[in-house]
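By convention here, the first residue in the shown sequence is residue 1. The structure presented is a predicted model; accordingly, all values stated were derived computationally and were not measured.
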Amino acid sequence: MPLDRTSAFYEENAETYAKRVRSLPKQLDGFLAGLAPGAAILELGCGGGQDSAYMLAYGFDVTPTDGSTELARQAEALIGRPVRVMLFQELDADSAFDGVWAHASLLHVPRSELPDVFARIRRALRTGGIIHATFKAGEAEGHDGFGRYYNYPSADGLLALLTKGGWRDITIEENDGGGYDGEPTRWITVMAHR
């Protein structure tokens, strides 16, 4: 399974990864602006907890999750509340959240499992709920220099997947940036409503 090496990276490098200097994603304020004050937000792949801390500071009801036990501990130390250790494939909520924040996390889901994971996220959202997710753009699955697995989708492929999955008001943007590996990266940002 491609996630074994990915999981090992985050377990072994949790403190360094969590405490790296990192700007908040520029899309975070826009995502929050589309939600009512105090809205329930599920963060999938909270990493070091910086985004959850920001959302909590603005009064949102945040449920942080991460697939790495060690990263969850790092996030708990930052935000002062429990972080659920959970893989995306274990999400089983039903109409529980107004928003799902999955910044640079679903990009580790094996391509063959993306339809199921997006269906689980859609089910977890209330009607009208919104998802934000970012991916590293590409055409074929692969690994980075740290051995982490990436699904590297195309914008067209994501649009087709979300459309088929029943999502509406789908917005997809691409821009250039970087990542933890320091490599230039083409990013795809997805916003869609249940």
Side-chain angles (χ1 to χ4, degrees), residues 1-7 9-11 25 27-28 31-32 34-36 39-47 49 51-52 55-56 60-69 71-72 75-76 79 81-138 141 148-173 187-194:
M1 180 175 178
L3 291 183
D4 288 346
R5 286 165 54 197
T6 306
S7 297
F9 169 84
Y10 290 113
E11 290 297 324
Q27 306 98 332
L28 185 51
F31 170 76
L32 296 176
L35 297 169
I41 299 170
L42 172 65
E43 183 173 10
L44 293 173
C46 70
D51 297 358
S52 280
M55 293 186 277
L56 287 164
F60 290 93
D61 178 14
V62 182
T63 301
T65 69
D66 202 276
S68 163
T69 302
L71 271 178
E76 286 173 350
I79 63 177
R81 64 169 51 192
V83 172
R84 181 177 173 197
V85 177
M86 177 190 84
L87 298 177
F88 310 122
Q89 297 85 342
E90 297 171 334
L91 178 60
D92 62 358
D94 190 358
S95 301
F97 302 99
D98 302 299
V100 170
W101 180 255
H103 193 79
S105 59
L106 298 180
L107 41 65
H108 293 309
V109 175
R111 278 190 176 195
S112 63
E113 297 178 25
L114 268 175
D116 176 64
V117 169
F118 270 114
R120 289 173 179 276
I121 292 168
R122 192 169 179 275
R123 190 168 45 252
L125 284 167
R126 297 181 177 120
T127 300
I130 190 167
I131 182 175
H132 161 96
T134 56
F135 297 84
K136 290 185 177 187
E141 301 169 276
R148 298 178 297 176
Y149 166 86
Y150 286 90
N151 48 35
Y152 294 120
S154 67
D156 289 343
L158 284 171
L159 178 60
L161 174 65
L162 292 168
T163 300
K164 184 177 180 181
W167 293 88
R168 57 185 184 78
D169 303 327
I170 302 165
T171 304
I172 298 180
E173 297 178 357
W187 286 94
I188 300 173
T189 302
V190 172
M191 295 270 287
H193 288 83
R194 173 177 175 176

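The ring of H108 has its center closer than 6.0 angstrom to the ring center of Y10.
Rounded to the nearest 0.5 angstrom, L35 CG and F60 CZ are separated by 5.5 Å. Of the inter-residue distances, the one linking M191 atom CE with I170 atom CD1 reads 12.5 Å to the nearest 0.5 angstrom. From W101, atom CH2 reaches atom SG of C46 across 13.0 Å, with rounding to the nearest 0.5 Å.
Side-chain atoms of E141 never come within 3.5 Å of backbone atoms of Y149 as a donor-acceptor pair (strictly under, hydrogens ignored). Between the side chain of E76 and the backbone N or O of V83 there is at least one donor-acceptor pair closer than 3.5 Å. No side-chain donor-acceptor contact under 3.5 Å links T65 to the backbone of V85. The main-chain N or O of P110 is never found under 3.5 Å from a side-chain atom of E113 such that the two would form a donor-acceptor pair. Side-chain atoms of T134 come within 3.5 Å of backbone atoms of A104 as a donor-acceptor pair (strictly under, hydrogens ignored). Side chain of D66 to main chain of A72: no donor-acceptor pair is present (N/O by atom type, distance under 3.5 Å, no hydrogens or angles).
The salt bridge (Lys or Arg N to Asp or Glu O under 4.0 Å) test applied to R122 returns no partner, not counting sequence neighbours. Applying the side-chain contact (heavy atoms from CB on, under 4.5 Å) criterion to H193, with sequence neighbours excluded, gives I130, R168, D169. Judged as a salt bridge (Lys or Arg N to Asp or Glu O under 4.0 Å), and not counting sequence neighbours, the contacts of D116 are R120.
At a threshold of 4.5 Å between non-hydrogen side-chain atoms, the residues L28 and M55 count as touching. Considering only heavy atoms from C-beta on, R84 stays 4.5 Å or farther from T63 through its side chain. Proximity of S105 to E43: side-chain heavy atoms (C-beta onward) are nowhere separated by under 4.5 Å.
For residues 99-112, no residue pair satisfies the salt bridge (charged side-chain N to carboxylate O under 4.0 Å, His left out) rule, not counting sequence neighbours. Note on residues 91-103: pairs passing salt bridge (charged side-chain N to carboxylate O under 4.0 Å, His left out), not counting sequence neighbours, are D98-R126.
The nearest pair of heavy atoms linking P64 to S52 is CB-OG, 3.4 Å. Residue I41 comes nearest to F97 through the heavy atom pair C-CD2, 3.8 Å, listed as atom of the first residue, atom of the second, then distance. Minimum heavy-atom separation, G67 to L87: CA-CD2, 4.2 Å.
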Sequence neighbours left out, cut at 3.5 Å: what donor-acceptor pairs do the side chains of residues 150-163 make with other protein atoms?
unit_1 : atom_1 : unit_2 : atom_2 : d
Y150   : OH     : R148   : NE     : 3.4
Y150   : OH     : R148   : NH1    : 3.4
Y150   : OH     : R148   : NH2    : 3.1
N151   : ND2    : L106   : O      : 2.9
N151   : ND2    : L107   : O      : 3.4
N151   : ND2    : V109   : O      : 2.8
S154   : OG     : G157   : N      : 2.9
T163   : OG1    : L159   : O      : 2.7

- [ ] May I have the step-by-step check of side-chain contact (heavy atoms from CB on, under 4.5 Å) for L44 and M86, ending in yes or no?
- [x] CA-CA 9 Å; L44 293 173; M86 177 190 84; 3.6 Å; yes
TODO: Would you please test F135 and I172 for side-chain contact (heavy atoms from CB on, under 4.5 Å) and show each step?
DONE: CA-CA 11 Å; F135 297 84; I172 298 180; over 6 Å; no
